[in-house]
Amino acid sequence: MTDTQLIQLAEQMLSRSYAPYSKFCVGAALLGKNGKVYTGCNIESAAFGATICAERCALSTAVADGCREFETIAVISSADDYCSPCGICRQLIFEFGQDTRVLCARNSEDYKEYKISELLPLGFGPSNL
Ligand code: THU
């Protein structure tokens with residue numbers, strides 16, 4: 001699974017996004033260390049606070065499948081810009097490993113790569129409890 005393929009899977013999820021309020025569609029694809037890919041999209045709610053981001057949607061599917069170790073998560077939006085995970089998503093990605101790669105994609109050829117620990121410096125994680 002190449003980075004480009006993972007971003008393409010995230011991009012396919014844009015059509016599944018439920019974003020009637022913001023109209024900002026987000027897709028994510030998460031590569032587990034088990035070799036499986038878990039995808040997600042954002043799911044909005046009329047009660048805005050109940051909205052789920054694409055990244056946490058993908059993480060939920062993965063954890064429910066028994067996968068808790070990840071190589072990479074790719075994130076892309078319907079806007080023509082690099083899509084960066086929100087703070088809550090950074091926290092939940094960090095929960096499952098400080099070294100997870102995060103691909104903030106503009107399209108499948110144009111993306112920026114970070115480690116989650118770069119996006120969440122001094123993050124509070126399982127080792128802090
Ligand atoms: N959104 C995500 O899905 N992931 C992020 O990391 C940033 C924000 C969604 C939530 C909401 O449905 C829309 O984008 C606008 O904030």
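In each ligand, atom 1 is the first atom listed, and ligand 1 is the first ligand listed.
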Specify the protein heavy atom at minimum distance from [atom]: its residue, its atom name, and the distance to 0.1 Å.
atom	result
atom 14 (O) of ligand 1	Phe24 CD2, 3.4 Å
atom 9 (C) of ligand 1	Asn42 ND2, 3.6 Å
atom 5 (C) of ligand 1	Glu55 OE2, 3.4 Å
atom 11 (C) of ligand 1	Glu44 OE2, 3.2 Å
atom 1 (N) of ligand 1	Cys53 SG, 3.6 Å

> Is atom NZ of Lys33 surrounded by more than 12 heavy atoms (other residues, nucleotides or ligands) closer than 6.0 Å?
Replying inline: yes
>> Distance under 4.0 Å to a non-hydrogen atom of Ser22: what atoms of ligand 1 satisfy this?
In response: 13 (C), 15 (C)
> By number and element, which atoms of ligand 1 are closer than 4.0 Å to a non-hydrogen atom of Ser84?
Replying inline: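 The atoms of ligand 1 under 4.0 Å from a heavy atom of Ser84 are 6 (O).
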Does any N or O in the side chain of [X] come within less than 3.5 Å of the main-chain N or O of [Y], such that one atom is a donor and the other an acceptor?
X	Y	answer
Ser78	Cys25	yes
Arg90	Pro85	yes
Ser45	Phe48	no

> Taking only residues two or more places apart in sequence, or in another chain, which ones meet Ala105 in a side chain to side chain contact (heavy atoms under 4.5 Å, CB included)?
Replying inline: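 For Ala105 the side chain to side chain contact (heavy atoms under 4.5 Å, CB included) partners, ignoring immediate neighbours, are Ile7, Ile76, Tyr111.
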> Would one find an N or O of Thr51, backbone or side chain, under 3.5 Å from an N or O of ligand 1?
Replying inline: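 No, Thr51 has no N/O under 3.5 Å of an N/O on ligand 1.
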> Are any of the N or O atoms of Ile52 closer than 3.5 Å to those of ligand 1?
Replying inline: no
> Would Ser22 and Glu44 satisfy side chain to side chain donor-acceptor pair (under 3.5 Å), going step by step from the backbone distance to the final call?
Replying inline: CA-CA 8 Å; Ser22 74; Glu44 296 188 344; 2.5 Å; yes
> Non-hydrogen atoms of Cys57 versus ligand 1: any pair closer than 4.0 Å?
Replying inline: no
> Does ligand 1 have any atom sitting under 4.0 Å from a heavy atom of Ala19?
Replying inline: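 No, Ala19 has no heavy atoms under 4.0 Å from ligand 1.
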>> Could you check whether Asp81 pairs with Arg106 (Lys NZ or Arg NE/NH1/NH2 to Asp/Glu carboxylate O, under 4.0 Å)?
In response: no
>> Using salt bridge (Lys or Arg N to Asp or Glu O under 4.0 Å), reason through Glu113 and Arg101 one step at a time and then give a plain yes or no.
In response: CA-CA 7 Å; Glu113 175 184 340; Arg101 298 167 67 236; 2.9 Å; yes
> Do you see a protein non-hydrogen atom under 4.0 Å from atom 3 (O) of ligand 1?
Replying inline: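 Under the 4.0 Å cut-off, atom 3 (O) of ligand 1 does have protein heavy-atom neighbours.
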